[in-house]
Amino acid sequence: MLGGSVSRGRIETPAVGVGAGGGWWADDMSLSGLRAMESEFVRRYHRHDTRENQCSSALVKHIKAPIHLVWSLVRRFDQPQKYKPFVSRCVVQGDMEIGSVREVNVKSGLPATTSTERLELLDDDQHVFSIKIVGGDHRLKNYSSVVTLHPESIEGRPGTLVIESFVVDVPDGNTEDETCFFVEALIKCNLKSLADVSERLRAQDPMEVIGF
């Protein structure tokens, strides 16, 4: 287990370089097997400069859909509501390019109403997507996230390994564990929805149905 320990679904792995107090989570993966490969992806793409009073974590999801379908959802900075269940509306200011800003409306039930987010990276070749929250009515200060997609084979068919990492300030009155638990819960919901939508798209793809 890379010398780590398991705590509430988070596998504490300081060696993978996601910052002090960081870890990763995998919903459908044993603690052996593909760990080395995923650890390498985290080292390569998910390094965060975690400062004092911040927490950082990385989460993993295996999706039974080819990478081009999953990426077609993730890359839509202008339409996160395509798979994120807590987003009700999104408006992008200006053209969609690095540095563009989007105003996101959050559905009721969360301790937030709006979020202002800037596109930091969109790499269609490497399948890397990154945003930074720069404003809004919420408590996620100095929040940055990176999402990477990696092709894999699942049950003999094209699949996608998704890794999402983040770093965020720990709000006054909360602990590091409480903050990470809250953010991880949101990301887990988003990743589950991403898998559901992607796998529905795969089922509708005639090339997939006939086995190409």
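As the structure is a prediction and not an experimental result, all values here were calculated from the model. Atom set for the values below is all heavy atoms of this structure, side chains included, hydrogens, waters and symmetry mates excluded.
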- Query: Ion pair present between Lys192 and Asp196, side-chain N to carboxylate O less than 4.0 angstrom?
  - Reply: yes
- Item | Nearest heavy-atom neighbours spanning Val170 and Cys55 | CG2-N, 4.1 Å
- Message: Any side-chain to backbone donor/acceptor pair from Gln204 onto Leu201? Under 3.5 Å, distance only.
- Response: no
- Pair Val91-Gln93, side chain to side chain contact (heavy atoms under 4.5 Å, CB included): steps then yes or no: CA-CA 7 Å; Val91 176; Gln93 302 172 4; 5.7 Å; no
- So, Asp137 side chain and Thr114 main chain: donor-acceptor pair closer than 3.5 Å or not? no
- Item | Sub-4.5 Å side-chain heavy-atom contact between Leu59 and Ser165 | no
- Message: Under a 3.5 Å distance rule, please check whether Arg76 uses its side chain to pair with a backbone N or O of Ser72 as donor and acceptor.
- Response: no
- Query: Within the distance-only criterion (no hydrogens, no angle test), does the side chain of Thr160 pair as donor or acceptor with the backbone N or O of Val70 below 3.5 angstrom?
  - Reply: no
- Item | Spatial distance of atom CD (Gln79) from atom SG (Cys90) [nearest 0.5 Å] | 8.0 Å
- Query: Any donor-acceptor pair under 3.5 Å linking the side chain of Asp95 with the backbone of Glu97?
  - Reply: no
- Item | Considering all heavy atoms, the nearest His138-Ser115 contact | NE2-OG, 3.8 Å
- Verify, without hydrogens or angle tests, whether Lys107 (side chain) and Pro85 (backbone) share a donor-acceptor contact under 3.5 angstrom. yes
- Query: Is there a side-chain contact between Leu161 and Phe41 (heavy atoms, below 4.5 Å)?
  - Reply: yes
- For Lys132, does the NZ atom have more than 12 heavy-atom neighbours from other residues, nucleotides or ligands under 6.0 Å away? yes
- Query: Hey, quick one: are Val101 and Val106 part of the same hydrophobic cluster, counting side-chain heavy atoms closer than 4.5 Å, chains of contacts allowed?
  - Reply: no
- Message: For Gly159, is there any backbone N or O sitting under 3.5 Å from a side-chain donor or acceptor partner on Arg202?
- Response: no
- Report the C-alpha separation of Ile63 and Leu194 in whole Å, then their side-chain angles, then the decisive distance to 0.1 Å, and conclude whether the side chain to side chain contact (heavy atoms under 4.5 Å, CB included) test is met. CA-CA 8 Å; Ile63 297 179; Leu194 176 63; 3.9 Å; yes
- Leu149 side, atom CG; Ser198 side, atom OG - distance, nearest 0.5 Å: 8.5 Å
- Item | side chain to side chain contact (heavy atoms under 4.5 Å, CB included) between Tyr143 and Val167, intermediate numbers included | CA-CA 6 Å; Tyr143 179 94; Val167 61; over 6 Å; no
- Heavy-atom closest pair, residues Leu119 and Phe129: CD1-CE1, 3.7 Å
- Note: with side-chain heavy atoms under 4.5 Å as the link, the other cluster members for Val87 come out as Val104
- Query: What's the shortest heavy-atom distance between Pro80 and Asp78, and which atoms?
  - Reply: CD-C, 3.6 Å
- Would you say the side chains of Thr148 and His46 form a donor-acceptor pair under 3.5 Å? yes
- Query: Do the side chain of Gln54 and the main chain of Arg51 share a donor and acceptor less than 3.5 angstrom apart?
  - Reply: yes
- Considering only NZ, NE, NH1 and NH2 on the basic side and carboxylate oxygens on the acidic side, decide whether Arg102 and Glu117 come within less than 4.0 Å. yes
- Query: Given side chains that start at C-beta, do those of Leu191 and Glu164 come closer than 4.5 Å, heavy atoms only?
  - Reply: yes
- Query: Less than 6.0 Å separating the ring centroids of His150 and Tyr45?
  - Reply: yes
- Task: Kindly compute the distance separating NZ (Lys84) from CD1 (Ile187), expressed to the nearest 0.5 Å.
- Result: 8.5 Å
- Message: side chain to side chain contact (heavy atoms under 4.5 Å, CB included), that's the test. Do Val162 and Val147 meet it? Break it down for me.
- Response: CA-CA 7 Å; Val162 182; Val147 181; 3.9 Å; yes
- Item | Close side-chain approach of Phe86 and Asn190, heavy atoms under 4.5 Å | yes
- Query: Are Glu38 and Glu40 side-chain neighbours, meaning at least one heavy-atom pair lies under 4.5 Å?
  - Reply: no
- Query: With a 4.5 Å heavy-atom cut-off, do Pro171 and Thr179 have their side chains touching?
  - Reply: yes
- Query: At what distance, to the nearest 0.5 angstrom, does CD1 of Ile154 lie from NZ of Lys64?
  - Reply: 7.0 Å
- Query: What's the shortest heavy-atom distance between Glu184 and Ser57, and which atoms?
  - Reply: OE2-OG, 2.8 Å
- Approximate separation, where rounding is to 0.5 Å, of His62 NE2 and Ile163 CD1: 8.5 Å
- Thr50 backbone acceptor or donor facing His48 side chain under 3.5 Å: no
- Note on the structure: On a heavy-atom basis, the closest approach of Trp71 and Asp124 is NE1-OD1, 2.7 Å
- Query: If Ile, Leu, Val, Met, Phe, Trp and Tyr residues are connected whenever their side-chain heavy atoms lie under 4.5 Å apart, and connections chain through other members, are Leu73 and Phe77 in the same group?
  - Reply: yes
- Indicate yes or no for a side-chain donor-acceptor contact from Ser193 to the backbone of Cys189 under 3.5 Å, with no hydrogens or angles considered. no
- Task: Rounded to the nearest 0.5 Å, what's the gap from CD1 on Ile131 to OG on Ser100? Could you check?
- Result: 13.0 Å
- Within a strict 4.5 Å, meaning less than it, do heavy atoms of the Val168 and Asn142 side chains meet? no
